[in-house]
Visitor: 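This structure is in structure tokens; I'll ask about it shortly.
Chain identifiers are assigned alphabetically (A, B, ...) following the order of the sequence lines, protein sequences preceding nucleic acid strands; residue numbering begins at 1 within each chain. Given the structure is predicted, the values throughout are model-derived calculations rather than measurements.
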Amino acid sequence: MTLAWPRVAGPRVDARDKATGATRYSADVEPEGALHAAVVRSTVPHAEVLAVDASAALAIRGVTAVVTAQDLERRFGDELCGRRVRDMPLLARDKVRFSGEGIAVVLATTRQVAEDAAALVVVEYRELTPVLDALAALGPGSPRVHEAPWRYDGAVVDQSHPPNLQSELVEGDPVAVDEVLGRAAHVVTRTYRTPSGHQGYLEPQCWTASPRPGGRVALLGTVKAPYRLREQTAKTLGLALEAVEIDPVPLGGDFGGKGGVVDPTLCAALALWANRPVRLALRAGEDMSATDARHPSVVEVSVGCDADGALLALRVDAVFDGGAYAAVKPIPSANLHGMAECALGYRLEAFSVRSAIAYTTTLPKGHMRAPGAPQAAFAIESALDELASAAGVSPVELRRRSVLSGGDRDAYGHVWDEARGAETLDAALEAADAAPRPEDRERPGRRRPVPSGWRRGRGVALYARPTAPPATTSLRLAPGDDGRLVVELPFPETGTGSHSVVRDELAAALGVDPENVEVRQVSTGLLPYDPGVGASRVTVGLTAAVHQLASRWWESGGTEAVTVETGSGTDRPALSYCAQVADVAVDPETGQVLVSSVVTAADVASVLRPRSHRMQIDGGTVMGYGFACLEDLLERDGQVWAPNLAELRLPTAADVPSLRTVLVEGGRGVGPANVKAVGELTNVPTAAAIANAVAEATGRRVRQLPLTAERVFWALHGETGGETGDEARDEARGEARNVARGVARGEEGPA
Amino acid sequence: MKMHARVNGSPFVAEVPATSSLLEVLRGAGLTGTKEGCRIGVCGVCTVLVDNRPVSSCLYLAGCADGADIWTVEGMAEHAPSVVDAFVECEGMQCGICTPGQIVAVASMGPDVRDERDVRHYLSGNLCRCTGYGTIVEAALDAQARRRDEVAPA
Ligand code: FES
Ligand code: FES
């Protein structure tokens with residue numbers, strides 16, 4: 001069914017405060033007497049730092065200190081910082097490894113003075129050859145980004161690996177894949193590329209740290225995983241866990257980017273060092289060029305099917321540019337879990353996945369909404385269309401034959417008691433054909449009709465994602481002063497509506513009016529643990545904890561505060577499919593792509609707050625559209641070329657396609673609330689659906705994102721009809737530009 | 001220089017350096033509901049009303065607002081209550097960082113902004129990374145309808 005989105009009964013807990021400007025975010029907090037920090041950042045991608053001359057900065061009135069790595073080392077020792085792999089210094093020691101890396105910090109009485117003075121600090125470099133290409137970085141003869149990365153605490157590589165390997169993830173059986181592909185009727189092997197990207201939150205990162213008696217420190221800021229940041233900070237600064245307190249504050253968007261760069265830990269160090277509150281606020285451009293970004297990818301896919309178009313085997317071989325440090329990645333493999341799961345959606349006789357992440361001298365890469373999955377899905381779902389055309393079956397048929405149904409075993413060996421691939425695919429196609437009104441198939445912000453000469457095309461893509469059983473979290477329920485109940489949470493509201501879900505579910509479980517439940521994020525000292533917002537685990541984990549909390553509350557008589565701490569759950573996981581159908585129009589003369597409509601079918605179980613759920617779907621699809629058509633952080637020659645929101649080109653209300661959603665209801669979810677993850681679902685297949693539509697419209701395949709007019713133009717008009725837009729363009733230009741660059745680099749680079 | 005204005009209906013006097021943006025001055029005076037995003041006039045999270053026109057306060061020199069009638073998100077419950085209600089009831093927000101700008105922009109819409117296409121163009125200077133815009137557009141249309149009803153009760 002197509003939903004007319006119902007209005008929820010109770011508004012979000014945070015709605016009125018957000019609508020009247022009363023909500024205080026990180027940047028709105030400024031303790032009395034705080035010093036303002038401005039970071040002096042490297043302007044070159046790879047260099048030895050020979051000298052830092054701060055004399056001009058120190059001469060400015062209002063500057064209290066210029067802090068270097070040596071100052072911090074004297075106080076805190078030489079531990080490096082990171083979430084799993086601790087490979088990043090708070091400030092560069094003798095070497096900088098990306099343009100944007102912190103070298104020194106100016107502390108001053110106002111932000112303006114700190115920023116002005118930071119511009120006066122002179123850094124003397126001896127430039128080293130930059131390492132800018134992930135593939136070359138892993139090959140022989142590349143300069144090393146780190147001398148001995150296997151020595152780092154938490155390293156996931158050893159000495160036998162190429163010296164620029166950050167991490168490698170291997171799944172499946174490559175030998176079996178060779179064997180099965182050897183007898184497949186049709187096989188295609190293609191390579192796809194995606195660019196670096198910023199998460200695009202509109203709230204630049206900002207932290208405030210205050211020293212507390214006894215050598216302790218309190219930190220508040222753009223932090224989505226407070227307990228993990230506490231761990232990272234305590235470990236790096238040589239403090240006891242209890243000496244670090246992370247205080248509550250809502251986030252102005254996250255999408256993976258606010259998990260734990262080094263700067264909050266740096267801010268805590270500065271407050272302890274100066275023995276004053278310190279505020280470190282990034283400007284938007286600085287945030288884009290100095291925190292963390294999406295991993296650019298080069299993904300080679302080989303996929304084969306039998307004569308009837310049933311899939312047989314899939315090989316995915318990806319190289320990601322991990323940037324200068326692995327420090328930002330939180331999962332044990334220090335890899336991307338979207339890669340680990342990328343072969344999940346189809347029945348296959350054999351599969352293999354290899355995901356290698358390279359160190360380069362570029363901005364460190366971290367997580368962005370379903371890390372690794374959008375890159376993998378763009379490659380795999382594009383390759384499936386190419387295979388369909390080689391096999392002479394329709395792209396829809398090819399998928400329908402091999403998606404999972406209940407009782408099927410997936411490529412990893414797991415048998416799903418419920419899997420609704422075909423239903424989800426069909427629901428999307430049916431809805432795409434049956435727009436309620438003709439204008440629902442067009443971009444709602446259109447100014448004029450699409451010219452008749454433009455070519456139309458439709459593309460389909462699928463994504464399958466597991467919802468894991470509830471994970472660790474903790475909650476506390478206590479009677480409030482005013483007769484209300486207060487539920488305390490260990491993580492911030494990032495925008496998804498998680499705090500409202502807690503209120504609604506707890507009120508329902510206790511049988512009280514939601515108005516009588518107050519939800520509050522509290523400091524890390526007040527609850528046992530939570531691993532942070534991410535990986536679509538919040539609603540699942542929370543609802544399980546809420547139900548425990550409610551029963552504990554009744555057991556204990558319902559008058560005294562109770563705390564619950566849930567362990568990782570043992571429920572069966574659930575599988576969600578997402579199918580998208582994109583309709584595009586392409587101008588054959590200019591290559592401009594106009595995405596008219598994206599229809600999404602999402603395989604769901606219970607929906608707790610329909611409008612919040614819908615915004616996860618719509619917001620995800622719009623992010624997928626930006627990834628497909630607009631966004632590129634433009635890292636070139638080791639620099640983020642245009643670190644500002646204008647050049648990043650986030651989609652506006654006028655740009656976005658018509659979005660229609662069908663919920664394939666009645667699925668079996670996870671946990672007591674019977675839910676499935678939705679936050680990292682719909683942003684994943686969109687780019688492939690759009691690329692497939694462009695291929696149908698033009699007869700040419702563009703294998704590199706974003707699908708700019710220039711790429712599509714060259715795919716259409718390149719002399720040799722090169723396969724990707726960039727290849728065609730480079731052929732057309734005789735590769736003049738690349739050659740010129742190589743020569744320039746050879747001349748400049750030290751021997 | 002001295003800036004004399006009205007902010008959210010009350011007299012407002014501040015000593016402002018000639019280079020200060022209106023955004024800095026408002027936030028510096030404790031009106032932190034108006035947000036800083038891009039600082040280059042692209043994202044719209046800093047939108048305020050100056051003499052009933054929506055402006056990007058990050059690019060607007062405070063000195064130019066001397067004598068003006070300024071409204072920020074903090075004043076919207078008074079200046080445009082139906083817009084605030086529409087955003088709350090339609091859930092036209094997620095993280096909320098763009099919300100002050102969206103609400104102020106919608107409050108400045110004239111009666112000529114009627115359908116979805118008009119709204120999407122009017123709001124194309126107010127980015128949102130969270131919602132996908134659907135609920136924001138609905139909130140804006142809802143607010144416009146409420147205001148039409150207020151002006152011309154059926
Ligand atoms: S901060 Fe003013 S438009 Fe972005
Ligand atoms: S609600 Fe987060 S940016 Fe709009």
Visitor: Assess A/Arg294 against A/Phe627: is NZ or CZ under 6.0 Å from the centre of the six-membered ring, and within 45 degrees of the ring's axis?
Guide: yes
Visitor: For B/Glu24, which atoms come within 4.5 Å of any heavy atom of chain A: side chain, backbone, both, or neither?
Guide: side chain
Visitor: What part of A/Thr494 lies closer than 4.5 angstrom to a heavy atom of chain B: side chain, backbone, both or neither?
Guide: backbone
Visitor: Given side chains that start at C-beta, do those of B/Leu31 and B/Val7 come closer than 4.5 Å, heavy atoms only?
Guide: yes
Visitor: Test your reading of the model: is there a side-chain donor-acceptor pair from A/Glu115 to the backbone of A/Gln112, 3.5 Å cut-off?
Guide: no
Visitor: Would you mind checking which part of B/Asp85 comes under 4.5 Å of any heavy atom in chain A, side chain (CB onward), backbone (N, CA, C, O), both or neither?
Guide: both
Visitor: Please determine, among B/Met76, B/Glu74, B/Arg39, B/Glu116, the option with the most heavy-atom pairs under 4.5 Å with chain A.
Guide: B/Arg39
Visitor: Ignoring hydrogens and geometry, is there a side-chain-to-backbone donor-acceptor pair from A/Lys224 to A/Asp254 under 3.5 Å?
Guide: no
Visitor: Is the side chain of A/Arg611 donor-acceptor paired with the backbone N or O of B/Cys90 at a distance under 3.5 Å, no angle test?
Guide: yes
Visitor: Tell me, out of A/Leu645, A/Leu202, A/Leu251, who's got the most heavy-atom pairs with chain B below 4.5 Å.
Guide: A/Leu202
Visitor: Does any heavy atom of chain B fall under 4.5 Å from the side chain of A/Pro444, the backbone, both, or neither of them?
Guide: both
Visitor: Please determine if B/Arg146 and B/Asp142 form a salt bridge, counting it only when a charged side-chain N lies under 4.0 Å from a carboxylate O.
Guide: yes
Visitor: Just by modelled atom types, is the B/Val48 backbone N or O under 3.5 Å from a matching donor or acceptor in the B/Arg53 side chain?
Guide: no
Visitor: So which bits of residues 649-658 of chain A come within less than 4.5 Å of chain B, counting non-hydrogen atoms only?
Guide: A/Leu650, A/Pro651, A/Thr652, A/Ala653, A/Ala654, A/Val656
Visitor: Quick check on A/Tyr625 against chain B: is it the side chain, the backbone, both or neither that has a heavy atom closer than 4.5 Å?
Guide: neither
Visitor: Looking only at heavy atoms and a cut-off of under 4.5 Å, which of A/Glu203, A/Glu30, A/Arg16 has the most pairs with chain B?
Guide: A/Arg16
Visitor: Look only at the side chain of B/Ser56 and the backbone of B/Cys58, and say whether a donor-acceptor pair between them is shorter than 3.5 Å.
Guide: no
Visitor: Look at A/Arg12 together with B/Glu89 and state whether they make a salt bridge at an N to O cut-off of under 4.0 Å.
Guide: no
Visitor: Sort B/Ile40 into side chain, backbone, both or neither according to what part of it lies under 4.5 angstrom from a heavy atom of chain A.
Guide: side chain
Visitor: Which region of B/Val42, side chain (C-beta onward) or backbone (N, CA, C, O), has a non-hydrogen atom less than 4.5 Å from a non-hydrogen atom of chain A, or is it both or neither?
Guide: side chain
Visitor: Considering only heavy atoms, which portion of B/Val45 lies under 4.5 Å from any heavy atom of chain A: side chain, backbone, both, or neither?
Guide: side chain
Visitor: For each of A/Arg24, A/Arg443, A/Glu631, tally heavy-atom pairs with chain B at distances under 4.5 Å, and name the one with the top tally.
Guide: A/Glu631
Visitor: Indicate yes or no: at least one non-hydrogen side-chain atom of A/Lys18 is less than 4.5 angstrom from one of A/Tyr25.
Guide: yes
Visitor: Answer yes when B/Asp118 and B/Arg114 have at least one side-chain N-carboxylate O distance shorter than 4.0 Å, and no when they do not.
Guide: no
Visitor: Check each atom of A/Glu493 against the heavy atoms of chain B and say whether the ones under 4.5 Å are side chain, backbone, both or neither.
Guide: neither
Visitor: Are A/Gln580 and A/Thr600 linked by a side-chain donor-acceptor pair shorter than 3.5 Å?
Guide: yes
Visitor: A quick test of your reading: do over 12 heavy atoms of other residues, nucleotides or ligands sit less than 6.0 Å from CD of B/Glu15?
Guide: yes
Visitor: Hey, which of B/Val119, B/Val88, B/Val83, B/Leu123 has the most heavy atom pairs under 4.5 Å with chain A?
Guide: B/Val88
